[in-house]
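This one's a predicted model, so the numbers in the text were calculated from it and none came from an experiment. When reading the values below, keep in mind they use all heavy atoms of this one structure, side chains included, and skip hydrogens, waters and symmetry mates. Chain A is the first sequence line, chain B the second, and so forth, proteins listed ahead of strands; every chain is numbered from 1.
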Amino acid sequence: MCGALSSTKEVTMSASQLRDLVPPARGLRSHYVAAITEESIGQEVTICGWINKVREQGKQLIFLDVRDHTGVIQCVLPHQEGLRTEFVVAIKAEVAQRPDGTENENLASGRVELRNCTVEVLNAAEPLPFPLSDRLEVDESTRLRYRYLDIRRASMQRNLRIRSRVNAAIRRSMDQQGFVEVETPLLWTPTPEGAREFVVPSRLQTGQAYVLPQSPQIAKQLLMVGGIDRYYQIARCLRDEDLRADRQFEFTQLDLEASFVGQEDIMNFISHAMASVVEDVRGINLPEVGEITWRDAMDRFGSDKPERRFTTELIDLSKIFASTSVRALSAPTVKALVAPEPEKLSRSRLDQLIDRAKELGGKGLLWLKVIRNETGLSVESPVAKFFSESEISEVLSATQATEGDIVLIVADEWEQAVKILGQIRLDLGRHLVDGAVLDFFWVVDFPLFEGHDEHGNLLSAHHPFTMPNLEDIELLESDPLSVRSQSYDLVLNGWELGSGSIRIHRRDIQEKIFRVLGISEEDAQDRFGFLLNAFRFGAPPHGGFAFGIDRLTSILAGEDTIREVIAFPKTQSGADLMTGAPKPLPPTTWSQLGLTPRPQSPRSS
RNA sequence: GGACCUGUGGUGCAGCUUGGAGUGCACGCCGGCCUGUCAAGCCGGAGGUCGCGGGUUCAAAUCCCGUCAGGUCCGCCA
């Protein structure tokens with residue numbers, strides 16, 4: 001999608017705010033277009049940019065719309081051959097008031113025009129392969145093939161400039177809060193667990209490889225041992241995982257870590273940065289960022305990153321069906337959702353929802369349509385006949401559903417049930433939200449562990465250095481799955497912007513955690529010995545956070561995918577359509593690395 | 001690894017269900033006209049391997065199979 005006319009985009013940056021961004025002109029130009037106003041009438045100016053449109057009006061009159069990144073202005077000149085769209089020009093001219101009745105209110109510069117123009121063509125241009133107008137939709141692969149042209153479009157200009165301001169606001173906030181920007185290596189070593197990493201074979205030591213960091217996690221903890229106290233970095237992270245609308249191989253995080261502080265302090269640091277960004281980009285004061293516990297988020301919204309901008313919540317029916325004879329509902333947890341816009345749920349749409357529930361790993365989904373008959377409210381459903389009278393009336397009272405409503409029900413293990421219904425809640429309601437609203441909040445009290453691996457060992461929910469909640473430390477051996485961690489996520493509009501935790505700095509607790517994770521001492525030494533060694537020499541208590549700047553920027557820009565806020569993104573299959581990367585390498589390059597590629601990959605054959 | 005959607009002059013679409021000549025619309029491009037246009041207008045013109053390969057058929061953009069590319073999602077992403 002590249003439509004730039006949605007309301008969210010208009011609230012992002014007004015014309016007057018844009019004008020504030022216009023830098024002083026230098027070089028060939030005396031003015032940026034947005035700096036030319038009615039106050040400039042009578043002045044001589046030189047503007048530089050691209051011809052946006054040529055309107056020939058006969059032999060004696062041509063209108064040229066000239067564009068720079070700040071705006072478009074009309075130039076009036078007598079007939080002149082050889083001017084075409086997207087030619088690069090410098091125009092020396094006089095600013096004049098437009099004649100009465102010819103003002104254009106759709107143009108910021110529409111009350112003035114340039115006259116007595118001297119047009120210098122700095123460079124010609126062939127006709128473009130696609131129109132640059134934001135009003136016209138263009139296939140994304142075409143845009144990516146000619147990304148340098150796509151970037152000329154107003155929406156990309158705006159998005160990349162918003163991104164720059166996001167970065168600047170973050171740096172300002174971090175600086176104010178006493179954080180030190182430290183760069184960490186890109187060519188590094190594998191980190192424990194987590195995402196698949198990109199590998200860079202070593203030429204000097206063939207057979208060995210560096211790994212590109214999925215995040216600077218370990219590095220920043222080492223900086224705490226090094227006494228940096230408050231570190232941050234706008235860091236590129238690389239993960240060799242499948243791409244999505246909100247995921248690229250390489251993405252950018254604000255990464256920070258601080259010593260001698262607790263969870264609330266870290267959350268305050270981040271909230272300060274967010275407030276700084278929102279104030280800069282949206283011009284509004286961010287209200288205090290609220291909190292919700294993980295348990296609460298899952299129970300009410302079926303997600304650890306709830307979209308709260310529409311109010312439909314999951315309703316617990318487990319008690320009603322605790323001893324039911326409806327076989328599909330005999331499960332530990334029974335959750336219900338009163339569908340928004342039930343009139344849109346045709347029989348076939350409901351069948352799709354059942355398939356969706358199965359796709360999400362569930363056994364299915366029941367639906368009850370609430371109808372009115374002689375005796376009052378009742379339900380219509382393929383499974384209605386299995387329900388007892390009292391079950392139906394209890395469901396109706398628990399859900400407050402009325403005539404015409406459709407109640408969707410999922411029964412399963414608690415986490416499975418809420419997740420499935422939570423996703424369906426999103427599928428049905430996501431389009432109902434007000435795009436201009438920013439709903440920031442913290443999710444806290446995550447569990448320390450999530451389930452077991454194939455060997456029966458516990459799995460870290462965050463990472464193995466996450467500090468348990470000290471109140472729960474006794475439960476580590478007896479009931480580990482109920483141990484809460486000192487970790488926290490920041491959620492914005494149903495997207496997980498980022499997460500963080502207080503780290504373990506005490507050896508005894510770390511050993512205990514490794515034990516329940518099934519990581520032996522040798523194992524630990526082998527995988528992250530350098531970190532454990534560092535911790536032997538006086539590691540301060542510390543914790544940190546990281547959040548995705550691509551996601552934050554795309555939300556602030558009102559875009560649906562992070563590709564819209566990345567200058568040169570890759571496609572879902574990891575290709576760069578402009579350069580053709582990834583490409584085959586010449587045999588000598590492989591052999592220098594001590595590698596032999598498999599003769600033919602399915603892709604290149 | 002899997003599911004679904006899309007692929008038609010430079011761009012965006014329609015045509016596909018129900019097979020019958022590359023048929024249509026809008027934008028752009030080229031030429032002409034036009035002295036106040038601004039999504040300019042009017043007239044004329046050029047531009048196509050219907051993603052690719054195979055099959056069915058007298059006949060395929062259309063039906064079937066495969067494949068490639070792009071997208072959305074599941075798995076994956078501590």
Student: If you find the nucleotide of RNA chain B closest to A/S141 and the one closest to A/R84, which residue's nucleotide is nearer the 5' end?
Tutor: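 Nearer the 5' end of the strand: A/R84.
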Student: If I take atom CG in residue A/L132 and atom P in nucleotide B/G10, what distance separates them, rounded to the nearest angstrom?
Tutor: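 In whole Å, B/G10 P lies 18 Å from A/L132 CG.
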Student: Going 5' to 3' through nucleotides 71-76 of chain B, assign each nucleotide B (protein heavy atom under 4.0 Å from a base atom), S (under 4.0 Å only from sugar-phosphate atoms) or - (no protein heavy atom that close).
Tutor: BBBBBB
Student: Does A/R143 put a side-chain nitrogen or oxygen below 4.0 Å from OP1 or OP2 of B/U11?
Tutor: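 For B/U11, OP1/OP2 do not have a side-chain N/O of A/R143 under 4.0 Å.
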Student: Quick check: on RNA chain B, is the nucleotide nearest A/T85 upstream (toward 5') of the one nearest A/Q217, or the reverse? Name the residue that is more 5'.
Tutor: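 The answer here is A/T85.
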Student: Rounding to a whole Å, what distance do you find between A/E86:CD and B/U11:P?
Tutor: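 Nearest whole value for this atom pair: 16 Å.
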Student: Does the structure show a Watson-Crick or G-U wobble partner for B/U57, both distances under 3.5 Å? Name it, or say none.
Tutor: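 Pair assignment: B/U57 / none.
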Student: Using whole Å, report how far CD of A/Q80 lies from C1' of B/U37.
Tutor: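 Distance check: A/Q80 CD to B/U37 C1' gives 17 Å.
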Student: Just how far, in rounded Å, is P of B/C4 from CG of A/L353?
Tutor: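 Rounding to the nearest Å, CG of A/L353 and P of B/C4 are 18 Å apart.
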Student: Report which part of the nucleic acid A/L577 touches: base, sugar-phosphate, or nothing (heavy-atom distance under 4.0 Å, all strands).
Tutor: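 Touches sugar-phosphate only.
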Student: Nearest to the A/K59 side chain among B/C29, B/C33, B/G12, which nucleotide is it?
Tutor: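 The nucleotide sitting nearest to the side chain is B/C33.
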Student: Do the two ring centres, one from A/W495 and one from A/F547, sit under 6.0 Å apart?
Tutor: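 Aromatic pair excluded; centres sit 6.0 Å or further apart.
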Student: Using both distances under 3.5 Å as the test, list the Watson-Crick or G-U wobble partner of B/G31, or none.
Tutor: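 Pairing partner, where one exists within any strand: B/C43.
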Student: Are the side chains of A/K305 and A/D489 in touch, meaning some heavy atoms are under 4.5 Å apart?
Tutor: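 A/K305 does not reach A/D489 side chain to side chain.
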Student: Any non-hydrogen side-chain atom of A/T466 less than 4.5 Å from a side-chain atom of A/L448?
Tutor: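 Contact flag for A/T466/A/L448 side chains = yes.
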Student: Taking pairing as Watson-Crick or G-U wobble with both contacts under 3.5 Å, can you name the mate of B/A26, or confirm there isn't one?
Tutor: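 B/U11 - that is the nucleotide pairing with B/A26, both distances being under 3.5 Å.
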Student: Select base, sugar-phosphate, or nothing to describe what A/Q248 touches, counting heavy atoms under 4.0 Å on all strands.
Tutor: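 Nothing, no nucleic acid heavy atom in range.
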Student: Can you tell me how far P of B/A26 sits from CD of A/E137, to the nearest Å?
Tutor: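 Between P of B/A26 and CD of A/E137: 20 Å.
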Student: If I take atom CG in residue A/D255 and atom P in nucleotide B/A78, what distance separates them, rounded to the nearest angstrom?
Tutor: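 These atoms are roughly 14 Å apart.
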Student: Using atom CG of A/L128 as one end and atom C1' of B/G12 as the other, report the distance to the nearest whole Å.
Tutor: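 Result: 16 Å.
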Student: Please report the distance, rounded to the nearest Å, between CG in A/L61 and P in B/C33.
Tutor: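 That distance rounds to 15 Å.
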Student: Would you classify A/P99 as touching base, sugar-phosphate or nothing, given that sugar-phosphate means primed atoms plus P, OP1 and OP2, and contacts are heavy atoms under 4.0 Å?
Tutor: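 Base contact.
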Student: Determine, for nucleotides 38-43 of chain B in 5'-to-3' order, which nucleotides have protein heavy atoms under 4.0 Å from the base (write B), from only the sugar-phosphate (write S), or from neither (write -).
Tutor: BBB---
Student: Taking NZ, NE, NH1 and NH2 as the nitrogens, is one of them in A/K363 or A/D412 under 4.0 Å from a carboxylate oxygen of the other?
Tutor: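 The answer is yes: the pair qualifies as a salt bridge.
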Student: Say whether, by atom type as modelled, one donor and one acceptor occur between the side chain of A/R356 and the main chain of A/Q423 under 3.5 angstrom.
Tutor: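 Flag not set: sc A/R356 to bb A/Q423 has no pair under 3.5 Å.
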Student: Just checking A/D139: base, sugar-phosphate only, or nothing, at a heavy-atom cut-off of under 4.0 Å?
Tutor: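 Answer is sugar-phosphate: A/D139 comes under 4.0 Å of backbone atoms only.
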Student: Using the C1' atom as the reference point in each nucleotide, state the distance between B/G22 and B/A46 in Å, no decimals.
Tutor: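 Approximately 16 Å lies between the C1' atom of B/G22 and that of B/A46.
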Student: Check A/E126, A/R152, A/K53 against A/E86 for a side-chain contact (heavy atoms from CB on, under 4.5 Å) and give me the one that passes.
Tutor: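 Going through the options one by one, the only one that passes is A/R152.
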Student: Between the side chain of A/S485 and the main-chain N/O of A/F446, is any donor-acceptor distance below 3.5 Å?
Tutor: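 Yes; judged by distance alone, with no hydrogens or angles, the pair exists.
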Student: For the base of B/U11 and the side-chain ring of A/F130, does the geometry meet a stacking cutoff of under 5.5 Å between centres and under 30° between planes?
Tutor: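 Aromatic stack with B/U11 absent for A/F130.
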